[in-house]
Amino acid sequence: MDKHPERIGRKLIYTGAVVNVYQDQIKLADGRVENWDFVEHPMGAACVVPITEDGQIIMVRQYRPALDRYTLELPAGKRDSLTEDTLITAKRELGEETGYTTDNWQKLISLKTTVAFCNEFIDVYLARDVVRTKGQDLDPDEDIEIKEYSPEWLREEIYSGRIQDAKTVAGIMSYLAM
C-alpha cells in the first residue's frame, strides 16, 4: 500500500463563533513537511428542500458577507449542540427562517462541503407539503426574504451559474433526480 500524508502537528490559530482555524504540519509521502490550513466546523448543519403542496420550492434570499452579495439558498443552519439530531436542526431552521412546517420529512443526502480544507458536514432533508403556520423567527443579525420558485426555474439558475451555493445545488439536484 502506498504511503500517504501524515499529520504530525496541529496549531490552533483562531477560535471563532462558528469555526476554528488550525495550521497543520503534514509529512508528505516523500518526507517533506508542509503547512496546510484546516478549518474546523465542529457543529455541523442541516439544510431543507421545502416543497409546497403545489410543488414549489421555498427559498431564502440573504446577504452573505463572504461573497459581498445576496444569495438564493435553501433554508439551513448549524446544530445547537454536537449531539443534536440534524432532523431536529432542519425542522427548527425551516420554522425560524421561513415560518413553514410539515410532518413529511425524508433525508436526501449527507454532504462534506469543502473537503480540501474544512470538515463541515450538512445533512440535507426533503420536507414535502410544507405549510406556513407562523411568521419568521429570525436571529437579530438575520435579514431573510422568502419566496417560492418552480423546480425548473431553480434548475436553470443552477446551470446558468447564478445559484452556486453547494448545499443548495446538491439539495435541489438530489430532489430533481428522485
Side-chain angles (χ1 to χ4, degrees), residues 4-7 10 15-22 24 26 36-52 55-62 64-67 71-130 137-139 142 144 146 148-159 161-178:
H4 59 83
E6 172 188 1
R7 184 177 62 230
R10 173 167 281 172
T15 302
V18 177
V19 298
N20 301 316
V21 179
Y22 296 86
D24 286 350
I26 304 294
W36 288 4
D37 295 330
F38 168 61
V39 177
E40 177 187 45
H41 186 282
M43 296 305 257
C47 176
V48 183
V49 183
I51 310 297
T52 64
Q56 300 292 294
I57 298 177
I58 306 295
M59 300 290 288
V60 298
R61 182 179 181 267
Q62 58 189 323
R64 293 300 196 179
L67 302 177
T71 61
L72 194 59
E73 303 173 35
L74 292 170
K78 69 179 183 72
R79 296 187 303 170
D80 281 349
S81 73
L82 293 173
T83 59
E84 181 176 65
D85 185 313
T86 55
L87 179 56
I88 300 298
T89 309
K91 290 178 178 182
R92 179 184 63 248
E93 292 298 325
L94 178 64
E96 288 177 0
E97 291 188 2
T98 70
Y100 283 76
T101 189
T102 186
D103 291 325
N104 190 347
W105 291 89
Q106 175 185 347
K107 188 172 182 182
L108 279 177
I109 54 174
S110 293
L111 306 171
K112 298 284 188 182
T113 59
T114 28
V115 297
F117 62 87
C118 183
N119 69 344
E120 179 185 38
F121 75 89
I122 298 178
D123 288 338
V124 181
Y125 290 88
L126 177 63
R128 292 184 187 272
D129 304 320
V130 298
D137 184 18
L138 301 175
D139 293 335
E142 289 181 310
I144 295 175
I146 58 172
E148 299 178 13
Y149 295 91
S150 75
E152 296 77 19
W153 186 85
L154 292 170
R155 178 190 298 125
E156 289 304 314
E157 291 298 288
I158 290 169
Y159 283 127
R162 288 185 291 274
I163 293 179
Q164 298 176 327
D165 174 60
K167 70 184 180 306
T168 299
V169 171
I172 291 170
M173 297 309 283
S174 294
Y175 168 67
L176 291 173
M178 295 181 76

Can you name the side-chain hydrogen bond (donor to acceptor under 3.5 Å, both in side chains) partners of R155, sequence neighbours left out? none
Who passes side-chain hydrogen bond (donor to acceptor under 3.5 Å, both in side chains) against Q62, sequence neighbours left out? none
Do V21 and D37 come within less than 4.5 Å of each other through their side chains, counting heavy atoms only? no
Rounded distance (nearest 0.5 Å) linking atom CD1 of I163 with atom CG of L72: 4.5 Å
Treating T114 as the side-chain partner and F117 as the backbone partner, does any N or O pair qualify as donor plus acceptor under 3.5 Å? no
Residues in ring pair (Phe, Tyr, Trp, His ring centres under 6.0 Å) with Y149, at least two apart? W153
Can you name the nearest heavy-atom pair linking I26 to P5, along with the distance? CG2-CB, 3.6 Å
Separation between CG (L154) and CZ (R162), nearest 0.5 Å, reads 11.5 Å
Go through the structure and list residues passing side-chain hydrogen bond (donor to acceptor under 3.5 Å, both in side chains) with S110, not counting sequence neighbours. K107, D123
Any non-hydrogen side-chain atom of N104 less than 4.5 Å from a side-chain atom of I51? no
Rounding to 0.5 Å, atoms CD (E96) and NZ (K91) come to a distance of 14.5 Å
Listing, residues 168-178 side-chain donor-acceptor contacts under 3.5 Å, not counting sequence neighbours, or none:
unit_1 : atom_1 : unit_2 : atom_2 : d
T168   : OG1    : L74    : N      : 3.0
T168   : OG1    : D165   : OD2    : 2.6
S174   : OG     : A170   : O      : 2.7

Enter the distance from D129:CG to T101:OG1 here, rounded to the nearest 0.5 Å. 11.5 Å
Nearest non-hydrogen partners of S81 and E84, listed with the distance: OG-N, 3.1 Å
With sequence neighbours excluded, what pairs up with W105 under the ring pair (Phe, Tyr, Trp, His ring centres under 6.0 Å) test? none
Who are the side chain to side chain contact (heavy atoms under 4.5 Å, CB included) partners of T15, not counting sequence neighbours? L12, N20
Please check if the side chain of T102 supplies one atom and the backbone of R128 the other of a donor-acceptor pair under 3.5 Å. yes
Could you work out, with side chain to side chain contact (heavy atoms under 4.5 Å, CB included) as the rule, every residue matching D103, not counting sequence neighbours? none
List the steps and the verdict of side-chain contact (heavy atoms from CB on, under 4.5 Å) for T86 and F121. CA-CA 10 Å; T86 55; F121 75 89; 4.0 Å; yes
Trace of the side-chain contact (heavy atoms from CB on, under 4.5 Å) decision for V49 with V124: CA-CA 7 Å; V49 183; V124 181; 4.0 Å; yes
Contacts of E6 that satisfy side chain to side chain contact (heavy atoms under 4.5 Å, CB included) - sequence neighbours left out: I8
At what distance, to the nearest 0.5 angstrom, does CE of M59 lie from CD of E97? 11.5 Å
Indicate yes or no for a side-chain donor-acceptor contact from R79 to the backbone of M43 under 3.5 Å, with no hydrogens or angles considered. yes
To the nearest 0.5 Å, how far apart are CD in E120 and NZ in K112? 9.5 Å
Taken in chain and number order and not counting sequence neighbours, the residues that satisfy side-chain hydrogen bond (donor to acceptor under 3.5 Å, both in side chains) with R10 are D24
H41 and V19: which non-hydrogen atoms are nearest, and at how many Å? CD2-CG1, 3.9 Å
With sequence neighbours excluded, residues passing ring pair (Phe, Tyr, Trp, His ring centres under 6.0 Å) with Y22: F38
Minimal heavy-atom distance between A46 and A90, with the atoms involved, is CB-N, 3.7 Å
Heavy-atom nearest pair, E93 first then A76, reads OE1-O, 3.4 Å
Would you please name every residue forming a side chain to side chain contact (heavy atoms under 4.5 Å, CB included) with E148, sequence neighbours left out? T52, D54, Q56, I58, Y100
